[in-house]
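Residue numbering restarts at 1 for every chain, and letters A, B, ... go by the order of the sequence lines.
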Amino acid sequence: MIQITDLEKFYKTEEVQTIALNKLSFEVKNGEFVAIMGPSGCGKSTLLNIIGLLDDPDGGSFQFNGEEVSNYNERKRSELRKHNVGFVFQSFNLIDELTVFENVELPLIYTGVKPAERKKRVEEVLEKMQIMHRRNHFPQQLSGGQQQRVAVARAVVNNPKLILADEPTGNLDSTNGNEVMDLLIDLNEAGTTIIMVTHSEHDAKYSHRIIRMLDGQKVTENILV
Amino acid sequence: MFKYNLKIAFRNFKKYKSSFVINIIGLSAGIACVLFISLWVHDEMRVDKFHEKEKQLYQVLSNMTLNDETKTFVGSPFLLADDITKEFPEVEAATAINADFATPEGVFTHGDNNQTAKGLFALPNFFEVFSFDVLVGDQNQVLQNKYNLVISEELAKRLFKTKENAIGKTLNWNYKWTDGNGEETLVVSGVFKTPPAHSTMKFDYVVHSELLIDSDRWAGDWSGHYAKSYLVLKEDTNISNFNQKIANYLNTKRDGKFKFTSFVQKFSDRYLNLPYENGVQVGGRIVYVRLFISIALITLLIACINFINLTTAQASRKMKEVGVKKTLGASRRSLVYQYMSEALILVILSTGVALLLVFLFLPKFNAITDKNILLNFGSNQLFIITLIIIVTGFLAGSYPAFRLSSFKPVTTLKGETPKTVWEFFLRKGLVVFQFTISIVFIISILVVNKQVKYMQTKNLGYNKENVIQFEIGSNIENPETLLNELKNITTVQSVGFTNGEFLEGTDNNGGWIWPGKDSEDYRSFQAPRMGYGAIETLGMNIIAGRSFSKEFNDNYNKIILNESALKLMSLENPIGQMLKKGEAQQEIIGIVEDFQYGSLHKKIEPLVIRFRSYGNNILVKIAPGTERETLSKMESIYTKFNPGYPFDYSFMDSNYNKLYAAEIKVANLSDFFAILAIIISSLGLFGLATFTAERRAKEIGIRKILGSSVLGIVKMLSSEFAKMVGFAALIAFPIGYWLCSKWLDNFGYAIELKWWFFGLAGCITMLVAMITVGLQCYRAATANPIHAIKTE
């Protein structure tokens, strides 16, 4: 599904240039669950942003489903993203002004799904995430675990092929964290490819493969399954 | 999608109440201001546009050059209309009414009912050319007979109680004309609808022009410019070609020393573009229309800047939303659409509030502008309102929408606010712009009000206080007896009379030659006509010779010069010297100290006062504080001489103030708009200060923990804003100076631009800004620092 070859990304300020990704290469197959680990500043989140088509690489190749996407413009990236990629963030990133139902419904609006179908799909996913009873609440009225469930629900409501999770349990206690990880496992078992950035060895063990990074490069790769 | 945008917009309004309130107040005040001015401009623009043939209707004007100065006259001979129609194929029809000086005056009597009214002499086709609705009678026939009278429904009601049975009624018309009185029996042939408010022609009756021509032979001569002529030109007429064709027309019809260059001006343009200077149209009400349109747009711009500044300053609040939405697949267009909709919703709400403000303040506005505008939501008003919503929505919403939607999700999701240096300067620049405008407005109101005050109190060289003016009744056999009876009232100090409009200073007279001057080189002078007692009643100062006096049995050949005329003529021992006027010799009997003849728009000019033994404008100087009793005595004397007629008097000082009606209106309106502008600007500053205090809460907390005093923090926060206002003042001063100097150029006598106008304007603005900002800064400085740090 994802083929990355010699990927480079630099951050420039007036005085210094920082290398975030240094000729990084790896591949992720359909249905895989890959964890990316490494110390702060090693380039994990930059990598995830590029895979999620939120950021451009400065060099190298990035193929998504066999197609080179590193040179896509904003409009094409947005199209590809909304149909194929779901995001789960450490800080949930729910929109405070929208209710649980409306937050989950949002990706379906952007993909042009009809209102009746939207209602059906949102309710299904909220049931699945066991958060249906909170559908009319606003994010600030929920606990951290509940907010992350809503974020996962929002990530999967469009049935994406790929879910990108950036430290999904980082802001949660262990019970809530485990629950979120169980949700991700369920999704993966249902066929969704997952790439997860994490600091947690515990969470990484849920994956099939762990890629460890340092200074923008891949250092090791452990296959767990 | 729209439902979502609406939902988010309303939830945002609820969440950020203070920004919402500031935006609503600012935008609604700005929109109300635009609405008021649009209503006023629309009302001004439709004047005289109701005539069916408006697009083809032109008035004939003529230029005459004398002593290197070109004057433009509206007068033309009554004979012109018929001949020009026959001789020029471009002219479809032509009509004429009397020139202003030949306006019919008199009293209609029906049984024992006497009525005076304002009227016109007109050619028979008047109602075919102008679209004044003839309600009863045939518009093509109503003026066919010389003794026909067409009256307004209002006059019909006054005379006959009803308009329906007016036709065929006979009336006695006791009219007054230059050299005496006369009487005619007229038959009502038609009733017309009273001319609408937006007609410059206002009249209650129309009589046949033949009546005027019969009573004054010059009215029927090519040399007598007793008419104002109007042409209906064919639709495809090229006006500049036509003007060339008719330029010499009048000169071909008459012999005479003076040559006229005739041309036409569109009739409906005349209301806004009236005055001609040296043969060229300049200024007029259109200047005020343009001025107020600019004020409206600037006020709206200031209100929109508030919205832009507050929205972009608070962009951090929207960052996450933009980031998440983009991540989930929102296109930039959909986000632009969302933020534009949010702005539009706010503008629509503000328009609602603005309409309420307009509804509440319209009576006051009508009083200031002397209009009768109604808020009726007719198609024109709905168009204006929709246009204002769209323009304001776009003006206020577009920059924030494009700016917010440009945020990159990667950056915003990291919690960083995308900052650009130019945006920082733009925001400051916009605040500086707002305050520049406010300071210019304040300088302008100081100058305009000072100039108006100056005009009202300047020493004019005559005394207009406690002088009562009225027109002499038309059927007085012996006006002198009336004047003598008035003089006998103990509280009356003196009585005199003039001919023509003394205050407006419109009397001119040409063809003068004085001793030592080349006999071929005539000169025209301002030349008021005055009778016995006028100079004394007006308290003018005779510095040599004497005033007009009965003891000397003065006649038409006696004149008095002012000092400027004496200086111009360089006459030594002027008293008793003769000025030549045509064949007649005119004797200088006195020199009067210079006085202001006409309004202060003109400088004092050389002037020749001509003696008249009869005048229609009576001046009565009364003892101060005796107005009530003197007026009552004057009224009883007047009615004894004019039984059944109302005593229609006015005070000279209030008539004088009417000369500056336009300036007084500008002063009143500019006060109103300047206050509005500074309120809106301060609101914006209040919003920015609140936001700055919020944004710098952590910094303030740390500074306090490290030992900064409350005053120190207030100073730190407010100095930024003080600098902006100071910078605005530096820009505003030269602009204000330039604008005010240009405006003051319109006056022959103007105030000096003093430095303190500028200083005061700057100080007022700084004070208002500092009160606004200081309050917010003080609140931030006195907050608990621990709380601020915890919040972070």
Side-chain angles (χ1 to χ4, degrees), chain A residues 9 11 20 45-56 73-99 101-113 115 118 138-140 150-151 154-158 160 164 166, chain B residues 1-17 19-20 311 314-339 341-342 345-346 402 404-416 418-421 791-792:
Chain A
K9 180 75 185 174
Y11 289 113
S45 293
T46 305
L47 174 66
L48 209 64
N49 287 336
I50 291 174
I51 297 173
L53 299 155
L54 295 173
D55 209 352
D56 309 316
N73 62 20
E74 175 59 36
R75 195 181 54 76
K76 276 173 118 178
R77 285 198 306 214
S78 169
E79 273 303 302
L80 191 67
R81 188 165 64 225
K82 70 183 174 190
H83 289 109
N84 296 289
V85 189
F87 290 87
V88 179
F89 301 98
Q90 178 181 357
S91 53
F92 326 131
N93 279 334
L94 298 175
I95 296 178
D96 297 339
E97 289 74 28
L98 298 181
T99 61
F101 184 94
E102 289 161 354
N103 262 292
V104 177
E105 191 186 17
L106 208 53
L108 298 175
I109 292 175
Y110 292 129
T111 42
V113 178
R118 286 205 304 255
F138 286 95
Q140 54 274 34
V150 178
R154 187 179 64 186
V156 300
V157 72
N158 243 342
L164 300 174
D166 192 356
Chain B
M1 184 67 84
F2 181 71
K3 205 177 101 193
Y4 258 85
N5 292 341
L6 204 67
K7 216 181 266 181
I8 292 191
F10 278 107
R11 285 175 191 165
N12 271 330
F13 296 157
K14 212 170 143 189
K15 194 166 173 187
Y16 305 114
K17 285 188 198 76
S19 309
F20 174 68
T311 317
Q314 294 166 357
S316 55
R317 289 174 176 169
K318 303 254 183 188
M319 261 173 6
K320 191 173 93 176
E321 185 188 315
V322 174
V324 172
K325 283 189 169 172
K326 280 200 163 181
T327 308
L328 296 178
S331 63
R332 185 164 181 198
R333 185 196 284 180
S334 72
L335 289 173
V336 168
Y337 176 68
Q338 181 198 323
Y339 292 121
S341 322
E342 206 170 302
I345 291 164
L346 200 71
F402 283 98
L404 290 174
S405 63
S406 72
F407 292 165
K408 285 197 165 176
V410 177
T411 323
T412 53
L413 290 177
K414 275 184 201 160
E416 292 168 10
K419 286 187 194 104
T420 54
V421 177
T791 314
E792 271 297 303

Point to revise | Top contributor to chain B interface from A:N103, A:L80, A:D96 [non-hydrogen pairs under 4.5 Å] | key: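 Of A:N103, A:L80, A:D96, A:D96 has the most heavy-atom pairs under 4.5 Å with chain B.
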Check your understanding: What residue, out of A:K82, A:E105, A:R81, A:E102, has the most heavy-atom pairs lying under 4.5 Å from chain B?
Key ->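 Going by pairs under 4.5 Å, I would pick A:E102.
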Practice item. Could you tell me which non-hydrogen atom of A:S78 sits nearest to which non-hydrogen atom of B:G329, and how far apart they are? Key: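 Closest heavy-atom pair between A:S78 and B:G329: OG-O, 3.3 Å.
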Exercise for review: Identify the heavy atoms of B:V324 and A:R154 that sit nearest to each other, and give their distance.
Suggested key: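 Closest approach of B:V324 to A:R154, heavy atoms only: CG1-NH1, 3.3 Å.
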Point to revise | Distance, nearest 0.5 Å, that separates CZ of B:R11 from CG of A:L98 | key: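 It is 6.0 Å, given to the nearest 0.5 Å.
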Exercise for review: To the nearest 0.5 Å, tell me how far B:L328 CG sits from A:I95 CD1.
Suggested key: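 So the gap between those two atoms works out to 7.0 Å.
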Point to revise | Residue part contacting chain B, namely of A:E79, when any heavy atom lies under 4.5 Å | key: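 No part of it gets close to chain B.
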Practice item. Would you please go through residues 86-94 of chain A and name the residues with a non-hydrogen atom below 4.5 Å from one of chain B, in numerical order? Key: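 Listed by number: A:F87, A:F89, A:N93, A:L94.
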Check your understanding: Can you name the residues that form a salt bridge (Lys or Arg N to Asp or Glu O under 4.0 Å) with B:E321, not counting sequence neighbours?
Key ->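 Only B:K325 meet the salt bridge (Lys or Arg N to Asp or Glu O under 4.0 Å) criterion with B:E321.
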